[in-house]
Protein chains: 4
Amino acid sequence: MSENAEGAAPPPGTRRPGGRTARTRAAVRDAVLTGLAEHGYPGLTVEYVAERSGVHKTTLYRRWGGLEGLVADALDLAGEDTWAPPDTGLLDGDLRALAREVCEAFGDPAAAAAPTAFIAAAFQSERAADALRAFYTERFGRCEAVVERAVARGEAPVGTDAGAVVRAVSAPLFLRLFVTREPVDTALADQSAAAVAAAVRAGAFTPSTGAGTATATDARTATAPPRTPR
Amino acid sequence: MSENAEGAAPPPGTRRPGGRTARTRAAVRDAVLTGLAEHGYPGLTVEYVAERSGVHKTTLYRRWGGLEGLVADALDLAGEDTWAPPDTGLLDGDLRALAREVCEAFGDPAAAAAPTAFIAAAFQSERAADALRAFYTERFGRCEAVVERAVARGEAPVGTDAGAVVRAVSAPLFLRLFVTREPVDTALADQSAAAVAAAVRAGAFTPSTGAGTATATDARTATAPPRTPR
Amino acid sequence: MSENAEGAAPPPGTRRPGGRTARTRAAVRDAVLTGLAEHGYPGLTVEYVAERSGVHKTTLYRRWGGLEGLVADALDLAGEDTWAPPDTGLLDGDLRALAREVCEAFGDPAAAAAPTAFIAAAFQSERAADALRAFYTERFGRCEAVVERAVARGEAPVGTDAGAVVRAVSAPLFLRLFVTREPVDTALADQSAAAVAAAVRAGAFTPSTGAGTATATDARTATAPPRTPR
Amino acid sequence: MSENAEGAAPPPGTRRPGGRTARTRAAVRDAVLTGLAEHGYPGLTVEYVAERSGVHKTTLYRRWGGLEGLVADALDLAGEDTWAPPDTGLLDGDLRALAREVCEAFGDPAAAAAPTAFIAAAFQSERAADALRAFYTERFGRCEAVVERAVARGEAPVGTDAGAVVRAVSAPLFLRLFVTREPVDTALADQSAAAVAAAVRAGAFTPSTGAGTATATDARTATAPPRTPR
DNA sequence: TGTTAACCGAGACGGTACGTCGCGTCTTTCT
DNA sequence: AGAAAGACGCGACGTACCGTCTCGGTTAACA
């Protein structure tokens, strides 16, 4: 997407990716992360990164094209971890654990700084927005395992929209964190998880079923099938 | 000597809010809104507001203390409208209408610009964050009527956490709009509304009941009303 | 020149110069003097004078028309003292005393601040320049007594240009103080006084004599009177 | 890391004084001189220099540190000319020529503007004062040749304080120009020159002799030798 | 003695210039 | 040939002081 077509000038730093280039890259990413955590996105400057990483400002512009690229690159790095969703053996427990993780991650101001900065960055930079989308798509993708396991266990109807479920769990927390700016706590996380779990059981996340107009009865019925082998 | 009794710094434009002062104020608010819509928060400059409003930069700093104050003030203004939540006569319908409204408001780029800018602003300014919190608290407060009416109609259990419900409905949309940066559409809005409605009926938003650990069975029990028929 | 023709608005503070007006005036002059001494002319602001004197800024503009007028007024005040030139009984002694007085007045930084500020002010304000000219004309006028007494005593030729003499004595000191910015000391003062005294005796300050083209011989002749023994 | 070895702040534009840097420098100096002549020091703004020279304001601050440095630099430039004192073959003539030159230089308002501005600048800026001192020290240093030649010719006593003499000649003119703000003319210049010449011949500028208390007799004696020949 | 006009206090405002920060570009120099 | 190093143009920042204006309150001189 952001790749250059063949024939065009190849971005510097591409052709000789060994040795100094590689070290530079890591140093820069660290500096960006540190800066983001310390000052947030709006307080992050190219000059800071240059100083902190020991890489000259001019080089940063040549290779990353400015702050946007720097941040997008750092976000890519952030996505490369080995995090895995919880597995408590129960949908309720998994969702609750998921929600609590969000809660805790953003509860500690120090830990929240960098992620928050990324979200803020997406408001100002298309490239950061793209990177953020990629990051969360991948992250929520991992989470879907939780739902799939629940389906396998018969806790959730077949056809449940896993992506929607895992998003719905953390959504109220994100809403309060970044939109309404209200405090969040564990109780809230639990409430959200429970609500989503209930909705899942009611089949509200199963598109095929007329979920939109599902009545309580329908919901109850809807939950049955998976289990009701027969 | 020229200190005011309360000891706090007297914000200029407060003590003689008549005549020119008032006109100035309105012009400035309009300019902020326009600027926000045109360039977003990060692209909004005090100088732009000064030029656009015809009020001198110095005056803006004197009276609003900078961009933060300008934006916070504009947000206050934005909250002063007569919007009322939908009333379709059914919880499902109301929630769906609510969700769709969010969807539409942020679907049109032109209309979304200003609100988005406010949310972005909150990332960079404590004052904007406060103003945003106030705005949404009040706005969601109005929405709670929807839940209260549902309770009155017997569609929702007594004791339902109205605030949590209305937030849960729009949360997945906001999540995708501002965090995961995924597209939203009416189907999504409907799905969210349906899920929340289901959860409400399942009693997942009724704190008194041990909603947090509610099992499917508990949930069914808690949802008494629906069961009533027989 | 800057006077108002009859019929025009009479300058405020003119028609009712009693009571508060008078007190105000004194307070303002003091404040100007203090400010001048503390910050020099370029550091003197109308706002400082307003605060310091307790007279409102608007009033200062109304009555003095701004900094220029304020300073000019203060300078007028400074000229109203009872200083008198020294009288040692000898031209040499008087001139030396005069020179030393300049030296001492500007040697102490604290004492020199205000006078220096006035001289600086004259560079920026026509009114201050006028006031300064008036001040020094009057001041040097008093000094001329020194020369007149010398003439009366027969120490100086009749027709000696008293004004030129008293100016010549202090001129080298002022030159070093304000133009070449070199240090001055008593020895310098003495040298200047001695040189001028010698020139006076040589008749170089007696216009009628062709002083301008005086040769060494002429000078000797001119100096004759006092000595003329023979 | 980016510190320079000497420890002192490395003034920008110092280490790479080639190409653009040099051109910039000249343009700026011209602009300062022009501005000084047009508006005087108090009317000279950095922004004016920026506009006039085509060099950006920020750069001016970076390289010259503000108005002070700008003016000091321009003054340095002003000192780099090839002016030489007059040589009429007579002390009287040389001194008179010197005095008249001052008179003429400051008589024409257009020509006087820049020098006057420099003197005014010294009142507000230590750096300008230093530069002014350096300028005049050097300039009067050149003038001393006049006295030295006179000594060589036997017109002035050996040991005459050349610096004091040349300063004394122009001092009354500067006094009237910048302190008492009185008009100056050629007659005054001649008077001053004649007086100083007389004092020189009287030995009043010869420190070794008890110049301070020199009597007319002493003076005559002191002046004698040169003439003795016959 | 009551008016009434002159004057003053108070505060907001438009305006010029300040001096600084960070961006992104360019040139020069090194290796 | 790419990177380091540094100067620069540029736009915006937030501040200081200027000088003006409007409003309201006092006060001193006059009817």
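No hydrogens or angles were tested; on distance alone, nothing pairs the side chain of A:His56 with the base of F:dA3 as donor and acceptor under 3.5 Å. A donor and an acceptor atom never sit less than 3.5 Å apart when one is taken from the side chain of C:Lys57 and the other from the base of E:dG9. In the interface, the side chain of D:Arg62 is not paired with the base of E:dG19 through any donor and acceptor atom under 3.5 Å apart.
Between A:Thr58 and F:dA4, a side-chain N or O to OP1/OP2 separation shorter than 4.0 Å is absent. Contact between the side-chain N/O atoms of A:Tyr61 and the OP1/OP2 oxygens of E:dG24 is found at a separation under 4.0 Å. The side chain of D:Thr59 places an N or O atom within less than 4.0 Å of a non-bridging phosphate oxygen (OP1 or OP2) of F:dG9. Side-chain N/O atoms of D:Arg63 include one lying less than 4.0 angstrom from OP1 or OP2 on F:dC8.
Going from atom CZ of B:Arg25 over to atom C1' of E:dA12 covers 14 Å, rounded to whole Å. The nearest whole Å value for the distance from the CG atom in C:Leu44 to the P atom in F:dA16 is 17 Å. Atom C1' of nucleotide E:dG24 and atom CD of A:Glu68 are separated by 13 Å, given to the nearest angstrom.
Atom CD of B:Glu51 is surrounded by 12 or fewer heavy atoms from other residues, nucleotides or ligands within 6.0 Å.
The minimum heavy-atom distance linking C:Glu68 with C:Gln124 is given by the pair OE2-O, 3.9 Å. What you find for D:Ala74 and D:Val32 is that their closest heavy atoms are CB-CG1, 3.7 Å. Here the closest non-hydrogen pair linking B:His39 and B:Leu44 is CB-N, 4.4 Å.
Of the residues in residues 45-55 of chain D, D:Thr45, D:Val46, D:Glu47 come within less than 4.0 Å of DNA chain E through at least one heavy atom, sorted by number.
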Practice problem: Evaluate the side chain to side chain contact (heavy atoms under 4.5 Å, CB included) criterion for residues B:Arg181 and A:Phe123: first the C-alpha distance (whole Å), next the side-chain angles of each, then the deciding distance (0.1 Å), finally the verdict. | Solution: CA-CA 10 Å; B:Arg181 300 277 161 179; A:Phe123 279 89; 3.3 Å; yes
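Across the interface with DNA chain F, nearest-nucleotide mapping of D:Leu60 and C:Leu67 shows D:Leu60 to be the residue nearer the 5′ end.
Counting only distance, with no hydrogens or angles, the side chain of B:Ser125 and the backbone of B:Ala121 share no donor-acceptor pair below 3.5 Å.
For the pair B:Arg25 and B:Asp73, the salt-bridge criterion is met [side-chain N within less than 4.0 Å of a carboxylate O].
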